[in-house]
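The structure under discussion is supplied below as structure tokens; questions concerning it will follow.
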Amino acid sequence: MSGTSAGEAHKPVILAVDDDPQVLRAVRRDLRSVYADRYRILGASSAGEALKVLDTLDERGHDPALFLVDQRMPGMTGVEFLLEAVSRFPDARRVLLTAYAETDAAITAINRVRLDYYLMKPWDPPTERLFPVLDDLLSDWIAAYRPAYQGIRVAGHLVSARTHAVRDFLTRNGQSFQFLNAATDPEARQLLDRHPGAELPLVAFPDGAVLAAPGPAEIAVRLGLSTTASRPHYDTVIVGAGPAGLAAAVYAASEGLSTLLLDAHSPGGQAGTSSLIENYLGFPAGLSGGDLTRRAVSQAGRFGAELLHPVEAVGLRRSGPAQIISLADGSEIGAETVLLATGVSYNRLGVPGAERFEGEGLYYGAATSESGSCISQHVFIVGGANSAGQAAVHFAKYAAKVTLLVRADALEAGMSQYLVDEIHRTPNIEVRLGTQVLSLDGDRRLERITLLNGRTGAETEEAASFVFTFIGARPRTGWLGDAVARDERGFVLTGPDLARSGGGPARWPLEREPYLLETSVPGVFAAGDARAHSIKRVASGVGEGAMAVALVHRFRAERGATGPDTRV
């Protein structure tokens, strides 16, 4: 069993036991011909050897689905082995191989070990005498099979800012996990009893390690995420791993540029939290933001791009011909060119109680990570753009009721028509137009929300445990300071927008005009939502990321750098 691959090891087991080598080879051959894609087929030439196999399965937490055992074996009969086996694995199905004269033994086995079936040797043809029997038994077994969870477990309070941060980080990094409610789950209580006094949430990993109230960096280390660059200087460094940054990484790395991609949180950006993107070219059934992110990260890595996260950029400056990016841990990375693709964050609710209940009933985005918490609940969604509409449709699959609070007088004012139509078709989604949030209130967690109807001026207070907001956006560019020109809202100015900005042209140091996506600093480009006047769509972000790489090639060519021709 030591040479078994990871994927094979997680399959349920069919164990054949027979002391006749020819019979054992024949039964394993027949079993593999039909069941090898779904089950691990193991064999043992004696009951003693089979018991050792059971010991190993037990140690590793693997599940036998069926025992196919010869009755007449030296030292221990098949019935005696099954008695031992079912005491350890009572749910496994049991089949006895017998000779014609061993009918009495089979009847005894039916009574003693609840034998499911007995087959007389030989079982030819197996398509008639073996496989139909096993198909029925395995179908019954798989219907009742509940495998023990072997992955990451998070024990914490259902509504908690710290627990939400951990769940959101794991979700956005594509890590499956099991949430254990510290107040009600017996398994959570067992974990807490083993770690008395530890801060929640507790994050337990399959290797036995447990982290108490960990931050993203601690979790990243346990997950083996890269947080340190492999070299001091790159042809291009991309800051931000949303659609624009990921697209740029794919194109840059595929065209031979040494490429480093940084993200302060998790790959995907705002798009990565979307439950379903239905209007992205080439995916008629839609795809989740998580799936899009996973595919893009894999594609960029295949071409040789490095991805570091969670790694926060805190400064940008020029040193001779190089751009220097300062990181939060005090280290620096040099680059010939830089692409700023830091994206945007949802605006905070500027109402009483918003700061107090953030992460404890009030969430910004985070639709997918909190889905399980909202089963049979009443969920409020604040916002009227596509992200809010996608969240409403997503939560409608879990919540008893979803109320979409829209400040505008019509959904069509800020939402794609396909989402408007889907919302109207979903019976448990209520839309309240001309409505805004006035305040949030509660004791230890969010319990109430006060709303204002802009049409009538009426204020209402309603019970609310879960509020998700998707209102406007602010660029993640504060760390840049004066390194590049930005507009009054913080969006990065590029190309023609530099000439139209007050004082912008004076900062441009070259005789040529800046390239379309080039910032006020030659060789520093911007793409995606953080760029002023960009179109806030996934497809346009991907397009700008690809275009930025073409401009990087043009910039390098004018400086005499060697490399591939400019292309998209």
Side-chain angles (χ1 to χ4, degrees), residues 157-161 164 168 270 273 275 344-367 369-371 373-417 419-474 489 536:
H157 297 300
L158 185 65
V159 179
S160 157
H164 165 69
D168 191 51
Q270 278 192 333
T273 67
S275 54
V344 295
S345 299
Y346 290 113
N347 286 331
R348 266 40 190 170
L349 272 177
V351 300
E355 186 174 348
R356 176 185 171 193
F357 295 112
E358 183 171 340
E360 301 194 355
L362 172 66
Y363 305 95
Y364 295 97
S369 63
E370 292 298 323
S371 302
S373 303
C374 298
I375 294 174
S376 301
Q377 300 287 325
H378 184 181
V379 171
F380 289 85
I381 307 289
V382 184
N386 278 4
S387 54
Q390 290 164 352
V393 172
H394 172 72
F395 278 117
K397 302 171 185 175
Y398 302 87
K401 180 180 180 180
V402 175
T403 297
L404 183 59
L405 306 174
V406 183
R407 206 166 191 174
D409 292 329
L411 278 181
E412 291 82 357
M415 194 178 295
S416 296
Q417 190 62 46
L419 271 175
V420 174
D421 294 340
E422 191 164 1
I423 286 169
H424 288 320
R425 287 195 302 266
T426 306
N428 62 330
I429 298 180
E430 172 197 24
V431 179
R432 297 190 193 178
L433 300 173
T435 303
Q436 64 186 84
V437 179
L438 288 183
S439 65
L440 305 169
D441 198 12
D443 187 11
R444 299 181 62 182
R445 55 157 296 172
L446 178 63
E447 297 173 348
R448 295 176 297 279
I449 184 172
T450 301
L451 304 175
L452 171 66
N453 185 320
R455 296 171 172 176
T456 65
E459 295 183 13
T460 58
E461 184 179 85
E462 302 188 27
S465 298
F466 295 95
V467 175
F468 297 83
T469 74
F470 302 82
I471 51 170
R474 49 194 173 92
R489 295 185 298 160
K536 306 300 189 279

Next on the checklist: Any heavy-atom pair between the side chains of Gln270 and Phe470 that's under 4.5 Å?
Outcome noted: no
Item to check | More than 12 heavy atoms of other groups within 6.0 Å of Glu461 CD | outcome: yes
Next on the checklist: Quick check: do Arg356 and Asp441 have side-chain heavy atoms less than 4.5 Å from each other?
Outcome noted: yes
Next on the checklist: I'd like to check Tyr363 versus Ser373 (side-chain heavy atoms, cut-off strictly below 4.5 Å). Are they in contact?
Outcome noted: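 No, too far: nothing below the 4.5 Å cut-off.
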Next on the checklist: Minimum heavy-atom separation for Leu411 and Val420, please, with both atom names.
Outcome noted: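 For Leu411 versus Val420, the nearest heavy atoms are CB-CG2, 3.9 Å.
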Checklist entry - Ignoring hydrogens and geometry, is there a side-chain-to-backbone donor-acceptor pair from Thr435 to Leu433 under 3.5 Å? => result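 Pair found, side chain donor or acceptor close to backbone of Leu433.
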Next on the checklist: Can you confirm whether more than 12 heavy atoms, excluding those of Arg444, are under 6.0 Å from its CZ atom?
Outcome noted: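 No, because the 6.0 Å sphere around CZ of Arg444 holds 12 heavy atoms or fewer from other groups.
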Next on the checklist: Quick one: does any side-chain atom of Tyr398 pair with a main-chain N or O of Gln377 as donor and acceptor, under 3.5 Å?
Outcome noted: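 Pair absent, no side-chain N/O of Tyr398 close to backbone of Gln377.
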Next on the checklist: Side chains of Ile423 and Met415, heavy atoms from C-beta outward: is any pair under 4.5 Å?
Outcome noted: yes
Next on the checklist: Looking at every heavy atom in both Ile381 and Ala391, which two are closest together, and how far apart are they?
Outcome noted: CD1-CB, 4.2 Å
Item to check | Asn386 side-chain N/O to Ser416 backbone N/O, donor-acceptor pair under 3.5 Å | outcome: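 Pair found, side chain donor or acceptor close to backbone of Ser416.
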Item to check | Between CD on residue Glu355 and CG on residue Leu349, distance to nearest 0.5 Å | outcome: 12.0 Å
Checklist entry - Does His378 NE2 have over 12 foreign heavy atoms under 6.0 Å away? => result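 Yes, enclosed.
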Checklist entry - About how many Å separate CZ of Arg432 and OG1 of Thr403, when rounded to the nearest 0.5 Å? => result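 That separation rounds to 5.0 Å.
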Checklist entry - Does Glu462 pair with Lys401 as a salt bridge, N-O distance under 4.0 Å? => result no
Checklist outcome for this item: Closest non-hydrogen atoms of Glu360 and Val159, given as atom of the first, atom of the second and distance, are C-CG1, 3.2 Å
Next on the checklist: Quick check: closest heavy atoms across Ala464 and Ile449, and the distance to 0.1 Å?
Outcome noted: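 In this case the closest contact between Ala464 and Ile449 is CB-CG2, 3.4 Å.
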Next on the checklist: Do Glu412 and Gln417 have side chains that approach each other closer than 4.5 Å (heavy atoms only, starting at C-beta)?
Outcome noted: yes
Checklist outcome for this item: On a heavy-atom basis, the closest approach of Leu404 and Ala392 is CD1-CB, 4.5 Å
Checklist entry - Distance from Leu158 atom CG to His164 atom NE2, nearest 0.5 Å? => result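 Reported to 0.5 Å precision, the distance equals 12.5 Å.
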Next on the checklist: Quick check for you: to the nearest 0.5 Å, what is the distance between Ser387 atom OG and Lys536 atom NZ?
Outcome noted: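 One finds 13.0 Å between OG of Ser387 and NZ of Lys536.
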Next on the checklist: Can you tell me how far apart CZ (Arg474) and CG (Asn347) are? Round to the nearest 0.5 Å.
Outcome noted: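 One finds 6.5 Å between CZ of Arg474 and CG of Asn347.
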Checklist entry - Is there a side-chain contact between Val379 and Glu370, using heavy atoms and a 4.5 Å cut-off? => result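 No. Closest side-chain heavy atoms not under 4.5 Å.
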Checklist entry - Is it true that the NZ or CZ of Arg445 lies under 6.0 Å from the centre of Phe466's six-membered ring and within 45 degrees of the ring axis? => result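 Judged by the rule (NZ or CZ under 6.0 Å from the ring centre, within 45° of its axis), Arg445 counts as positioned above Phe466.
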Checklist entry - Under the side-chain contact (heavy atoms from CB on, under 4.5 Å) criterion, do Leu438 and Leu451 qualify, and how do the steps go? => result CA-CA 5 Å; Leu438 288 183; Leu451 304 175; over 6 Å; no
Next on the checklist: Can you give me the closest heavy-atom contact between Ala463 and Phe380, atom names plus distance?
Outcome noted: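 Looking at all heavy atoms of both residues, the shortest contact is O-CE1, 3.6 Å.
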Item to check | Arg348, CZ: over 12 other non-hydrogen atoms inside 6.0 angstrom | outcome: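 Correct, the count exceeds 12.
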